[in-house]
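This report refers to the structure that appears directly beneath it.
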Number of protein chains: 2
Amino acid sequence: MEKIGCTIHRIRIEKGLTQKEVYGKIVSRSFASRFEKGANDIGASKLFLILDNLAISADELRYIQQNYQPSPLEQALLTVMKAYAAQNFPAISQWIQEHSHSPHAYDKLVSSYASILLLAYDHSSIGITTTTRPIYLHLQQAKMWTIQELKLVNILVPIVATTKGLSALHPLTERMVANCLHYQTKWGDPFNVLNNLVEFYGTLLQTYLNFHDYQAARQLKSKITALNSHNLNWDGRLAQQFWIGIWELYFGDWTLGNELLDEVTALEKRHKPRIDNTLFAIRKLRTQAAKTYRQ
Amino acid sequence: MEKIGCTIHRIRIEKGLTQKEVYGKIVSRSFASRFEKGANDIGASKLFLILDNLAISADELRYIQQNYQPSPLEQALLTVMKAYAAQNFPAISQWIQEHSHSPHAYDKLVSSYASILLLAYDHSSIGITTTTRPIYLHLQQAKMWTIQELKLVNILVPIVATTKGLSALHPLTERMVANCLHYQTKWGDPFNVLNNLVEFYGTLLQTYLNFHDYQAARQLKSKITALNSHNLNWDGRLAQQFWIGIWELYFGDWTLGNELLDEVTALEKRHKPRIDNTLFAIRKLRTQAAKTYRQ
DNA sequence: ATGTAGACTTCGGTCGACC
DNA sequence: AGGTCGACCGAAGTCTACA
């Protein structure tokens, strides 16, 4: 693996910056030279200051340093998430098997995450196992969630509803909202956590409908529309529009609902294979169910 | 500012992980303890390994450590970008003024970026100044671009076309493509640089049309469609659809073009105030120009 | 499983000078 | 502007042991 200093050297040269500009008053001139040669490591807090001067993020530095590859953790997560998106559950099982005795600590974490994905897929047959229990409990108990938790919590919703009842969803929702708020700045939503919140509301809506708690479902619209669309990207805005569309089918203007949904599915239809096939399945299912409900 | 170790301690506790799990064979047990107390800094490469075990990115760690705020560099960039998005050019000028004698090295970089934004707005009156020349030259000479450059290069297109002629756009395009390729992994596009590439092609299309180089413009469609939409997010896919729509107005199926554009603008119309007002302006302008061209 | 403390070593980091 | 060398210091980091 290339030393951090060498990577920084390359970037600095390409950017046409001098050592003085980049290292300023952070480290001495002679150390800067030895550091860029790869002879020394550097203190983390100093590195962060240097990265600011280089106008590069810590994540990108790592990515470049590792020969333009995501971190091992990212790689593991992306592999699992990709299998999940493709509904390839055997591949997830296999991944867990292969990494069950990994020397890397983060593989245990990813295994937990992967187990939850399997759990979400078919919690009746798999149930909460010893692998999934720690992270299942953690997600319920921890006050502070990081991006990883925010990404995962929405697949936990149906599981919580089944095992602890619908009432357990209220505190979960509150924590989700509170934690997403932590990641809002006056410049917007740098980590795009609001997209996860939209998806969370979507899963919540589906769950309430599945359990026939129509009153709770009805109250969700105001929460979904309350999200300022200017702080979302188009991924979030389309999800927002989709779930409002579904809501309208049940509780609002049937025509408007179909308009909203048409606009979203029209975009999907432009892409082969589909970006997200589940949208069509959900719409079909909900259209039928909404008709029944309205009678 | 809270010490890095203290932040990591909080995150570790919240995640319910033991020191052994997180620090493994990276540092000794006793050092881990002192580090989390904030008594010591830590080597950068060791920190990265620890972050993997914590399942958190370096960027997020920094964000949390700084009390849930982006890095100073990010803050500066976001401020300028926001002003640009709002077409608030006086605010950008003012920002450059206020930070022209900043002690922070990165403020010079952001000033360069901001100057280019102004340049892109009205290069006839402002011209290439001493502030903008370094970065203007840099973007043309550097082989390696980081995310920052990839974000900025598309606003440079019209400037390059005016000052160096349309032929200069070919090598620029090649470098743009090559650099975006660096950021593609087998798991997709982790930094979403392909969105920048779509926007680049859009600017390119506009520029060719403005300069009446219809042959070059006609060849752009294959490049835009060549981008696999599955590696884009919806921001990118919508931009892709929009620019293909514009292309169709000139060189392809007029009806199809309007269909594509209608789908995109229909989404825009759902949001007040508009997410991106320029879409409507561009469409209006191009519809007229395309009619003329077709005659 | 973690905090503390002392003794100890390594290496991150400075300074000055020379090229 | 930046690479290098030697001398030097303090902080990073280990080990052992006790709590």
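Labels below follow one simple rule: chain letters A, B, ... track the order of the sequence lines, proteins then strands, and each chain is numbered from 1. Atoms considered below: every heavy atom in the structure, side chains included; atoms not considered: hydrogens, waters and symmetry mates.
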Rounded to whole angstrom, note down the C1' distance from C:dA17 over to D:dG10.
22 Å
Can you confirm whether the side chains of A:K15 and B:T146 place a donor and an acceptor under 3.5 Å from each other?
yes
Can you give me the closest heavy-atom contact between B:F200 and B:N154, atom names plus distance?
CA-CB, 3.8 Å
Taking atom C1' in both C:dC18 and D:dC9, compute the distance separating them and give it to the nearest angstrom.
22 Å
Looking at B:K20, I'd like to know whether one of its side-chain N or O atoms comes within less than 4.0 Å of OP1 or OP2 on C:dT2.
no
Would you call B:R62 and A:D59 a salt bridge, taking side-chain N to carboxylate O under 4.0 Å as the test?
no
Taking protein heavy atoms under 4.0 Å as touching, what does nucleotides 6-19 of chain D look like 5' to 3' if B marks base contact, S marks sugar-phosphate-only contact and - marks none?
------BBBBBB--
For B:R12, give me all partners under salt bridge (charged side-chain N to carboxylate O under 4.0 Å, His left out), at least two apart in sequence or on another chain.
B:E36
Regarding A:E74 and A:Y63, is there a side-chain donor-to-acceptor distance under 3.5 Å anywhere?
no
Is the B:F31-B:Y23 ring centre distance short of 6.0 angstrom?
no
A:F35 has an atom CZ; how far is it from atom P of C:dG12, in whole Å?
10 Å
Just the dot-bracket of DNA chain C, please: which string comes out with Watson-Crick or G-U pairs under 3.5 Å, [ ] for crossing, | for another strand?
.||||||||||.|||||||
Answer with yes or no whether the side chains of A:Y183 and B:E60 bring together a donor and an acceptor at under 3.5 Å.
yes
